[in-house]
2 protein chains.
Amino acid sequence: MDDGSARPAPASGGPAKRPTLKTIAFMTGLGVTTVSRALNDAPDIGEATKERVRLVAKQIGYRPNRAGVRLRTGRTNVISLILSTETEILGLGSHLIYGISERLSGTPYHLIVTPYDIRTDPMVPVRYIVETGSADAVIFSRTMPQDPRAVYLHDNGMPFATHGRTDLAFQHPWYDFDIEKFGAMAIEALAARGRRQITLLPPPMNLNYAQLLMGAFRRAVGDLGLMDVPVHNTTIDDSRDAIRTEIQRILRSDHRPDGFVCASAASAIYIISAAEELGLKPGRDFDLVSKESYEILKQFRPEVLVVGEDFRTAGTGLADSVLKALAGASAESLQILEVPEDIH
Amino acid sequence: MDDGSARPAPASGGPAKRPTLKTIAFMTGLGVTTVSRALNDAPDIGEATKERVRLVAKQIGYRPNRAGVRLRTGRTNVISLILSTETEILGLGSHLIYGISERLSGTPYHLIVTPYDIRTDPMVPVRYIVETGSADAVIFSRTMPQDPRAVYLHDNGMPFATHGRTDLAFQHPWYDFDIEKFGAMAIEALAARGRRQITLLPPPMNLNYAQLLMGAFRRAVGDLGLMDVPVHNTTIDDSRDAIRTEIQRILRSDHRPDGFVCASAASAIYIISAAEELGLKPGRDFDLVSKESYEILKQFRPEVLVVGEDFRTAGTGLADSVLKALAGASAESLQILEVPEDIH
DNA sequence: GAGGGGAACTGAAACGTTTCAGTTTTTTGC
DNA sequence: GCAAAAAACTGAAACGTTTCAGTTCCCCTC
């Protein structure tokens with residue numbers, strides 16, 4: 001296929017081998033060391049030579065062989081995103097990925113996705129990456145207050161950024177959504193609508209942001225003199241059936257909640273449809289505040305209150321932090337808190 | 001952090017270097033060639049030796065250095081998924097990724113995500129991968145009838161599998177959803193409900209499945225004596241506003257449709273909310289059939305008719321095909337058509 | 001007991017890169 | 001005009017793997 005690119009035509013005979021440093025060395029009459037150093041802008045190479053080498057390199061479409069670089073330097077030019085492959089109905093994961101990819105494009109870095117099964121040991125992928133040196137830096141989410149992955153990576157000197165803060169004693173890069181602000185905003189909005197008995201459907205309590213949300217929720221509920229109607233053993237990660245059962249149980253109980261706070265659109269959908277099965281309508285019989293990334297929920301139930309959280313910008317933020325960490329920036333300067341704007 | 005794993009403790013002095021073939025060679029008293037061949041189960045190594053080498057390798061946690069292998073053999077042990085980073089509100093992409101990851105885990109293959117901007121040249125990432133040899137095989141979606149990426153990969157001998165068929169003269173692995181069946185089922189269901197004027201909101205017409213769907217749609221509409229009420233220049237990939245404007249235009253026109261067929265949940269949501277703004281209710285004033293992966297849409301508007309398409313199994317199917325292709329399987333044997341089960 | 005053949009093993013080279021330790025050439029200082 | 005210093009360049013080695021081309025040893029055959 002002739003795609004009209006400027007790339008040189010393969011030599012008519014052989015299978016058109018990729019140019020290497022040796023190719024450039026031969027063409028310029030220089031040594032391969034000089035070519036390498038010229039392309040890496042080393043100080044002991046003449047400016048004219050550098051220019052000449054760069055020109056030839058560009059002309060013949062030279063691209064450094066990653067395996068060569070990696071073997072010699074140990075640098076992989078890979079960022080690894082560790083992703084739970086479960087508990088993800090709406091694809092927040094892909095938006096994170098798109099954000100990271102976007103930030104990484106134009107850099108020499110590739111994104112590799114390292115999956116793990118949430119029911120097994122979350123340390124497995126992290127150990128694998130460290131032991132095999134398969135990435136220069138790591139990004140992960142579902143951060144826990146005393147996250148053993150963060151500790152391990154820190155101890156082993158592997159740069160990383162987390163989607164979500166930790167409670168750990170040392171500093172590390174993170175990107176987080178201000179879930180406490182969200183909690184406060186949610187309760188205020190519910191109180192303003194005259195709602196008094198509030199149920200929080202929390203994220204799994206081992207996650208750091210679940211703790212923060214729960215704290216903010218209790219504080220706000222207390223401050224405004226509302227009542228906390230707790231769910232039993234149910235989180236936004238549970239199945240549709242589990243959530244429906246629990247929500248319907250609570251809605252039939254003595255203290256029927258008239259307000260819900262919930263941290264994911266998918267579970268908000270489950271709550272609403274569970275309530276509707278009992279003939280209860282959002283906006284009339286109860287109000288619900290949810291976090292969501294795209295206005296799917298809002299679209300369908302405009303009565304629902306929604307606070308936006310953008311996973312794509314989280315991705316670009318995380319990738320950016322990780323790149324800066326690799327360039328030597330301090331962890332403290334790489335901590336970004338996304339403050340929710342409005343509730344609508 | 002002591003994680004209690006069986007991995008040997010780092011030597012108290014140095015920084016605990018990773019074991020290599022040389023390490024095993026030293027420990028067993030064999031040559032490094034022998035060790036290499038033993039681990040690769042070469043025929044000219046004694047069975048006892050192989051066993052011994054494998055034992056030691058396992059004991060010290062030997063893992064082959066990917067850069068070494070790659071540099072020597074050119075094999076990258078990487079599968080590249082080329083993903084458009086736009087036009088993806090609901091994260092189908094992540095389910096594809098999870099499916100692929102799932103299939104790849106336990107193999108030596110890593111998944112790397114190569115993004116591209118749909119508005120620029122789709123050949124860019126494909127050329128990059130081929131030119132730099134950065135993957136052993138490629139998976140991509142948004143397949144076009146005469147897909148230049150497929151042609152290019154085929155011409156350059158790079159194994160690949162597509163999510164969606166093509167019209168090309170040569171065979172290649174693909175995984176596809178039987179969109180024609182979907183179209184026929186949709187029209188039948190609408191006709192059975194007495195709907196007569198049907199509008200199809202198609203995928204972008206340059207995509208292969210858009211053509212197939214359009215064909216099946218027209219055939220079924222003709223066969224059942226219904227009327228096709230076409231949209232103008234609008235597809236499921238357009239923005240919410242664009243879809244809303246066009247749907248409302250068509251709903252206000254002389255031939256107001258009473259049935260909709262649509263190939264993505266996100267755009268179905270837009271259609272419904274556009275119709276509801278005009279006071280039209282699904283199930284009453286019109287029916288709508290959509291394809292969707294998770295029952296988000298169905299959950300909210302149970303009146304809507306839905307056909308399930310699972311992107312995760314598509315991912316495992318694609319990964320499986322690509323692995324088999326790498327193992328030498330014929331393209332013809334790696335073509336999987338997912339037939340939709342029921343409409344509900 | 002010489003020769004052939006097979007089984008089991010191995011040293012050296014190569015993949016493409018960077019870095020160590022120079023070497024050569026030019027410039028500077030006096 | 002000479003020594004010293006600075007600038008510009010370079011060969012060889014090394015990273016870990018596989019493969020080429022052997023080598024060694026032993027057993028079998030005649």
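Note that the coordinates shown come from a computational prediction; the quantities given were computed from them, not determined experimentally. Letters go in sequence order (proteins before strands), and every chain restarts at 1. Hydrogens, waters and symmetry mates play no part in the numbers below; they use all other heavy atoms, side chains included.
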Which of these nucleotides, [options], is closest to any side-chain atom of [X]?
X: B:Thr49; options: C:dT18, C:dC9, D:dT18; value: C:dC9
X: B:Pro64; options: D:dT18, C:dT18, D:dT17; value: D:dT17
X: B:Val69; options: C:dT18, C:dC15, D:dT18; value: D:dT18
X: A:Asn40; options: C:dT19, C:dT18, C:dT10; value: C:dT18
X: B:Ser36; options: C:dC9, D:dT19, C:dT18; value: D:dT19

Between the side-chain atoms of [X] and the base atoms of [N], is any donor-acceptor pair under 3.5 Å?
X: A:Thr33; N: D:dA12; result: yes
X: B:Thr20; N: D:dT17; result: no
X: B:Asn65; N: D:dC15; result: no
X: B:Arg72; N: D:dT18; result: yes

Checklist entry - More than 12 foreign heavy atoms under 6.0 Å from CZ of A:Arg63: is that the case here? => result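 Yes, because the 6.0 Å sphere around CZ of A:Arg63 holds more than 12 heavy atoms from other groups.
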Lys/Arg N to Asp/Glu carboxylate O, [X] vs [Y], below 4.0 Å:
X: A:Arg312; Y: A:Asp310; answer: no
X: A:Arg75; Y: A:Asp136; answer: no
X: A:Asp41; Y: A:Lys50; answer: yes
X: A:Glu47; Y: A:Arg54; answer: yes

Please give, in whole Å, the distance from [N] [atom2] to [X] [atom1]?
X: A:Lys50; N: D:dA8; atom1: NZ; atom2: C1'; answer: 11 Å
X: B:Asn77; N: D:dT17; atom1: CG; atom2: P; answer: 13 Å
X: B:Arg37; N: D:dA21; atom1: CZ; atom2: P; answer: 13 Å
X: A:Lys22; N: D:dA12; atom1: NZ; atom2: P; answer: 13 Å
X: A:Ile45; N: C:dT19; atom1: CD1; atom2: C1'; answer: 13 Å
X: B:Asp41; N: D:dT18; atom1: CG; atom2: C1'; answer: 16 Å
X: A:Arg70; N: D:dT17; atom1: CZ; atom2: C1'; answer: 13 Å
X: B:Leu21; N: C:dA12; atom1: CG; atom2: P; answer: 17 Å

Checklist entry - Can you check whether A:Val32's main-chain N or O pairs, donor with acceptor, with A:Ser36's side chain at less than 3.5 Å? => result no
Item to check | B:Arg66 vs B:Asp44, nearer the 5' end of DNA chain D by closest nucleotide | outcome: B:Arg66
Next on the checklist: Regarding B:Thr73, tell me which of base, sugar-phosphate or nothing describes its non-hydrogen contacts under 4.0 Å with the strands shown.
Outcome noted: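 Here B:Thr73 touches the backbone only, sparing every base.
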Next on the checklist: So A:Gly31, base contact, sugar-phosphate only, or nothing? Heavy-atom distance under 4.0 Å.
Outcome noted: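 Sugar-phosphate only.
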Checklist entry - 5'-most contact on DNA chain C: B:Val35 or A:Arg63, nearest heavy atom basis? => result B:Val35
